**Q** 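Have a look at this one.
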Amino acid sequence: LPAKFDWRDRAVVAPVQNQQACGSCWAFSVVGAMQAAKAIAGMPLEELSVQQVIDCCFQNGGCNGGSPTKALFWLQRTRINLVPQSEYPYKAKNGMCHFFSHPKGGVALRNFTTFDFSGQEEAMKAELVERGPLSAVVDAVSWQDYLGGIIQHHCSSRWPNHAVLVVGYDATGEIPFWIVQNSWGTDWGNEGYVYVKLGSNLCGIADSVAAVLV
Amino acid sequence: EGKGEFESCNRCFQNATERHAYLNSFSTQPQSAKYGLNQFSSLSPEEFRDLYLRAIPEQALPFFGSKTKE
């Protein structure tokens, strides 16, 4: 595995978004992974509709929260075409599910895998390089005050509560770290990204990880 | 919006400042994480949790290597 790998260098990661006052991190995480998988498969990178997942995945609670795994099961089972964000824009609130009989663009989920990589972050690195950006659920309680830099302390893995997109890692420096895209806007953290020390399952980053195939 | 709102917000900022001092006391290297005032500082930890920490984790299978994965 390379010492450093970042899917942003391959132009398959869409810009950081802002979920605003809506508990939709789970949808941003899943849609981010699908956008990247689509671009890795050779299709153009485009922002896909987070609102469609919020409104239509009834197994989850929309802005009241949800599970990335349940959203992936729903996407796989229904084979629903996730339409572009431009067709179904983000509103940061729950809404009626829109159905598109002839969607323009978009993509459907073919398959996904979920794993607990705790204690095996080398294998998680391999999965990231091989499959693309990974959806992960972390304990982000201490992220309320985060400004930037590599998180090495104060991030437990006891209570996973926030879904993010792991887009790369960097092990070239003294402290190896994961490069994680968040959905709290570009004003937060490192222009919307957070760096989490690699190798000790900090924030529970390796506990619940999903890779997708479109 | 009112005196109560102001006092509540002010208390959140004071508590946040104390948290930042504690969290930053562990940041000894230049690349270490920094903690401070940001767009969430006017929220109490409970408000922050209720608004933004809404993911529900599912138990994932342990990773046993590529053979099992396939």
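Remember, predicted model here, so these are calculated numbers, not experimental data. Here is the naming used below: chain letters follow the sequence lines, and residue numbers restart at 1 for every chain. The basis for the numbers below is simple: all heavy atoms, side chains too, and nothing from hydrogens, waters or symmetry mates.
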**Q** Looking only at heavy atoms and a cut-off of under 4.5 Å, which of A/D116, A/V138, A/V209 has the most pairs with chain B?
**A** A/D116
**Q** Look at A/G66, A/G23, A/G173, A/S208 and state which one has the largest set of heavy-atom pairs under 4.5 Å with chain B.
**A** A/G66
**Q** Tell me, do B/R54 and A/H162 make a side-chain contact under 4.5 Å, heavy atoms counted?
**A** no
**Q** Could you walk me through whether A/F73 and B/E58 pass the side-chain contact (heavy atoms from CB on, under 4.5 Å) test, one step at a time?
**A** CA-CA 12 Å; A/F73 269 121; B/E58 302 281 331; over 6 Å; no
**Q** More than 12 non-hydrogen atoms from neighbouring residues, nucleotides or ligands closer than 6.0 Å to NZ on B/K34, yes or no?
**A** yes
**Q** Based on non-hydrogen pairs under 4.5 Å, which of A/V137, A/I175, A/D207 is most in contact with chain B?
**A** A/I175
**Q** Just wondering, more than 12 heavy atoms not from A/R158 lying within 6.0 Å of its CZ?
**A** no
**Q** So, do B/Q29 and A/Q152 sit near enough that their side-chain heavy atoms are less than 4.5 Å apart?
**A** yes
**Q** Would A/W184 and B/F40 count as a ring-ring contact (aromatic ring centres under 6.0 Å, His included) if you check the C-alpha gap in whole Å, the side-chain angles of each, and the deciding distance to 0.1 Å?
**A** CA-CA 10 Å; A/W184 293 345; B/F40 302 128; 5.2 Å; yes
**Q** Mind listing the closest non-hydrogen atom pair of A/A163 and B/A55 along with its distance?
**A** N-CB, 3.6 Å
**Q** Side chain from CB out, backbone as N, CA, C, O: work out which of these in B/T28 comes under 4.5 Å of a heavy atom of chain A, or both, or neither.
**A** neither
**Q** Quick one: are A/Q20 and B/Y52 in side-chain contact, heavy atoms under 4.5 Å?
**A** no
**Q** Is there side-chain contact between A/D187 and B/N38, with at least one heavy-atom pair below 4.5 Å?
**A** no
**Q** With under 30° as parallel and over 60° as perpendicular, where do the rings of B/Y35 and A/H154 fit, or are they tilted in between?
**A** perpendicular
**Q** Return the minimal non-hydrogen interatomic distance between A/A21 and B/L51, and the atom names on each side.
**A** CB-CD2, 3.8 Å
**Q** Name the member of A/Y146, A/Y195, A/F177, A/W26 that forms the most heavy-atom pairs with chain B at distances under 4.5 Å.
**A** A/Y146
**Q** Looking only at heavy atoms and a cut-off of under 4.5 Å, which of A/P160, A/A123, A/G61, A/G189 has the most pairs with chain B?
**A** A/P160
**Q** Rounded at 0.5 Å granularity, tell me how far NZ in A/K70 sits from CD1 in B/I56.
**A** 6.0 Å
**Q** Counting neighbours of CD on A/E191 that are heavy atoms of other residues, nucleotides or ligands and sit closer than 6.0 Å, is the number greater than 12?
**A** no
**Q** Can you measure from CG (A/D145) to CG (B/L37) and round to the nearest 0.5 angstrom?
**A** 8.5 Å
**Q** Give, as side chain, backbone, both or neither, the part of A/Q144 having an atom under 4.5 angstrom from any heavy atom of chain B.
**A** both
